[in-house]
Amino acid sequence: MNHEKLLIIDFGSQVTQLIARRIREFNVYCEIHPYHLVTDNFLKNFAPKAIIFSGGPASVTLDHFPRPPKSVYSANVPILGICYGQQVMIQDLGGQVSNNQIVGDITSEFGRALLKPVSTLNLLDGWFTESEEEVWMSHGDHVTKLGVGFDVFATSRNAPFAVVANTKKNFFGVQFHPEVHHTPNGKKLIDNFLALSGFSRNWSMNVFCQNIIRTIQKQIGDKNVICGLSGGVDSSVVAVLLHKAIGNQLTCIFVDHGLLRQNEANDVIDMFRNHYNIPLLHADSSKRFLKSLKGIIDPEEKRKTIGRIFVDVFQDYAQKIEGVEFLAQGTLYPDVIESVSFSGGPSVTIKSHHNVGGLPKKMSLRLIEPLRDLFKDEVRQVGRELGLPEQLIRRHPFPGPGLAIRCPGEVTPGKLEILRKADAIFIDQIHKHGLYNEIWQAFVVILPVRTVGVMGDNRTYDYACVLRAVTSVDGMTADYFPFSTDFLRETSTRLINEVRGINRVTYDITSKPPGTIEWE
Ligand code: XMP
């Protein structure tokens, strides 16, 4: 796509994605690439209008450390180095970095720090309206000698070179993290960097939609495309976007595994087939899924079984459509960023995520992933541009394996029925109290435990359930939602009165980590 781009070179910081979020908020397009993939050739083709070096866990004081290609410094574009990014730039350009003590026996700075100005700098416009500026630091090393052509513009107690710049070349280095929330004026600094880099800031979701529709049309020509529809926001946006671009060359396949929420299958069919007129195959395979899940209690085995059958069913239906060469998927940017791992080995699999990843190879299809440059909230904006109903756009995420992973122990039709009713009441309560949009995800889990209760004059022996509701920004970390006691009491009463089969309600107050959002 032909628009101004900013390149973020990733050195493995935990918060690199936040840099990208901040920049996109200013209507500037940017991409994150790990340092070892940024070669001279890459740089030439990418043609960034400015570059940011992220922070990272490495140390330039060691024998080997990650660095950008030398050609970044002759690309004639502004560079901002953040934390490790500052240190590697200074080291590369003739300065020095050390981990020696500065104040007493302290060398590092973690958390809140105060910055004092040395002299004015365009990068710091709007800063120091008070005599000191609060920033968030997280460093062990620090710059001790400036590179050629650099001056210092602000200092802190443990970072004498907290803000440095070579103003002739527009190279800037900051020891703190302007991208995090805890640097209150950090956004302004990034705004200043984009301004001095000369971005016209015309990247918007509207422009994105127009560009992507043109690209899809060119890529697909007169071939046919299939798209797996789940009813969630990502696959819905992909389907509507593709339908806009290529009309009836698109067929959606909705695999109904019988593990959906109340009315979900009907809602999806109604919206896409009847409302949008998008050709849709309803692969009603609940019996097949339930049969295969019989007797399985291990969470990973459940996930793998569902994933395997999903691919088989999808393939069966896809073969009914002629001339298919492409498979469209709702992959998002956080899924494609290759995070830099300094630990070496592959990370531990906590849960096998369910997707249709195995399909393209098996069916020799080419992949179309129109959302792979976007973050989740940007996908929601695209959804709005395309006129998708707000109700769908704001819908809580729902996992691919569906209610099966909210049913610890064996999945049975009876438990699923109880779960559907309970889930619908919980969500209804949340809507009634105006809390839906404050919560990232809310659902009920049915436990493989029966407890004794008393209703009227009779003894009951029914299932216990758990309510789970969390706040989160991206699903990576989460905290439980602090419902009022009144809300919990009212919801518990409704659940026990209205759902036959449940006689005890509990609330899960585990954050993530150490818990995960789903129970399996
Ligand atoms: P966990 O349970 O890992 O969930 O904290 C994080 C987010 O991911 C969703 N989730 C899934 N989504 N396929 C999906 O598409 C899956 O297999 C899957 N497992 C978990 C979960 O609902 C939460 O939003």
Side-chain angles (χ1 to χ4, degrees), residues 1-3 5 29 31 45-46 203-256 268-285 310-333 335-336 355-374 378-379 381-389 392-393 400:
M1 263 174 279
N2 199 12
H3 44 73
K5 290 188 270 190
Y29 182 76
E31 286 182 22
N45 291 332
F46 191 90
W203 162 255
S204 70
M205 285 308 130
N206 187 289
V207 173
F208 171 83
C209 287
Q210 290 167 16
N211 287 347
I212 199 81
I213 285 173
R214 271 198 301 271
T215 312
I216 291 171
Q217 286 166 337
K218 244 200 235 155
Q219 198 177 353
I220 292 173
D222 59 358
K223 302 291 183 282
N224 286 336
V225 182
I226 48 171
C227 172
L229 202 60
S230 70
V233 62
D234 306 340
S235 64
S236 302
V237 168
V238 169
V240 175
L241 198 58
L242 273 150
H243 191 62
K244 270 224 149 102
I246 55 163
N248 285 356
Q249 285 164 254
L250 168 75
T251 303
C252 289
I253 300 176
F254 168 47
V255 176
D256 182 351
V268 172
I269 293 166
D270 184 56
M271 168 127 112
F272 288 92
R273 198 185 273 162
N274 304 336
H275 181 77
Y276 277 106
N277 242 342
I278 298 181
L280 173 74
L281 295 181
H282 178 197
D284 184 357
S285 316
F310 189 96
V311 168
D312 287 348
V313 171
F314 195 93
Q315 195 177 9
D316 288 351
Y317 277 79
Q319 274 159 357
K320 294 180 184 167
I321 310 162
E322 279 183 14
V324 175
E325 289 202 7
F326 295 92
L327 169 74
Q329 280 194 168
T331 315
L332 304 193
Y333 197 43
D335 309 326
V336 298
N355 58 38
V356 287
L359 265 178
K361 264 200 204 129
K362 208 167 165 180
M363 300 179 61
S364 43
L365 293 175
R366 279 182 278 168
L367 261 187
I368 299 259
E369 296 175 314
L371 309 180
R372 60 181 288 127
D373 290 337
L374 303 184
E378 292 173 322
V379 173
Q381 284 176 48
V382 173
R384 288 192 185 98
E385 288 289 334
L386 296 169
L388 282 162
L392 190 147
I393 288 172

So, using side-chain contact (heavy atoms from CB on, under 4.5 Å) as the criterion, who are the partners of Asn224 when residues are at least two apart? Gln249, Val324
To the closest 0.5 Å, what do you measure between OH (Tyr29) and CG (Asn211)? 10.5 Å
Do you know which two heavy atoms are closest between Val237 and Gly383, and how far apart they sit? CG2-CA, 3.8 Å
Run the salt bridge (charged side-chain N to carboxylate O under 4.0 Å, His left out) test against Arg372 and tell me which residues pass, sequence neighbours left out. Glu369
Which of Ile226, Val225, Leu241 passes side chain to side chain contact (heavy atoms under 4.5 Å, CB included) with Leu250? It is Val225
Residues in side-chain contact (heavy atoms from CB on, under 4.5 Å) contact with Asn274, at least two apart in sequence or another chain: Asp270
Minimum side-chain heavy-atom gap Ser285-Phe310 below 4.5 Å: no
Could you give all pairs that pass the salt bridge (Lys or Arg N to Asp or Glu O under 4.0 Å) test and reach residues 239-251, with sequence neighbours left out? none
Would you give the length of the straight line joining atom CG of Leu280 to atom CE of Met271, rounded to the nearest 0.5 angstrom? 11.0 Å
Hey, does Gln219 have a side-chain heavy atom less than 4.5 Å from the side chain of Ile368? yes
If you look at every heavy atom in Phe314 and Val255, which pair is closest and at what distance? CD1-CG2, 4.0 Å
Taking the side chain as every heavy atom from C-beta outward, state whether Glu385 and Phe208 have any atom pair closer than 4.5 Å. no
If you compare all heavy atoms of Ile278 against all heavy atoms of Ala239, which two are closest, and at what distance to 0.1 Å? CD1-O, 4.2 Å
Taking the side chain as every heavy atom from C-beta outward, state whether Ile321 and Leu281 have any pair of such atoms under 4.5 Å apart. yes
SG-CG distance between Cys227 and Leu327, expressed to the nearest 0.5 angstrom: 7.5 Å
Mind jotting down which residue pairs meet the salt bridge (Lys or Arg N to Asp or Glu O under 4.0 Å) criterion with at least one end in residues 316-332? Sequence neighbours excluded, please. Arg288-Asp316, Glu325-Arg366
Just how far is it from atom CZ of Arg384 to atom SG of Cys209, taken to the nearest 0.5 Å? 12.5 Å
Could you go step by step and tell me if Ile212 and Val382 meet the side-chain contact (heavy atoms from CB on, under 4.5 Å) rule? CA-CA 11 Å; Ile212 199 81; Val382 173; over 6 Å; no
When you compare the side chain of Tyr276 with that of Leu388, does any pair of heavy atoms fall below 4.5 Å? yes
Val238 versus Pro370, closest heavy-atom pair with distance: CG1-CG, 4.1 Å
Restricting to non-hydrogen atoms, name the atom on Val268 and the atom on Ser230 that form the minimum distance, rounded to 0.1 Å. CG2-O, 4.2 Å
Provide the closest heavy-atom pair for Ala283 versus Val313 in the form atom of the first, atom of the second, distance. CB-CG1, 3.8 Å
Take the angle between the ring planes of Phe254 and His282 and call it parallel below 30°, perpendicular above 60°, tilted in between. parallel
Could you give me the CA-CA distance, side-chain angles and deciding distance for Met205 and Leu374, then say whether side-chain contact (heavy atoms from CB on, under 4.5 Å) is met? CA-CA 10 Å; Met205 285 308 130; Leu374 303 184; 4.2 Å; yes
Using the salt bridge (Lys or Arg N to Asp or Glu O under 4.0 Å) rule, collect all pairs that involve residues 214-241, keeping only residues at least two apart or in two chains. Asp234-Lys376
Close side-chain approach of Phe326 to Ile216, heavy-atom, < 4.5 Å: no
Within-4.5 Å side-chain heavy-atom neighbours: Cys252 and Arg273: no
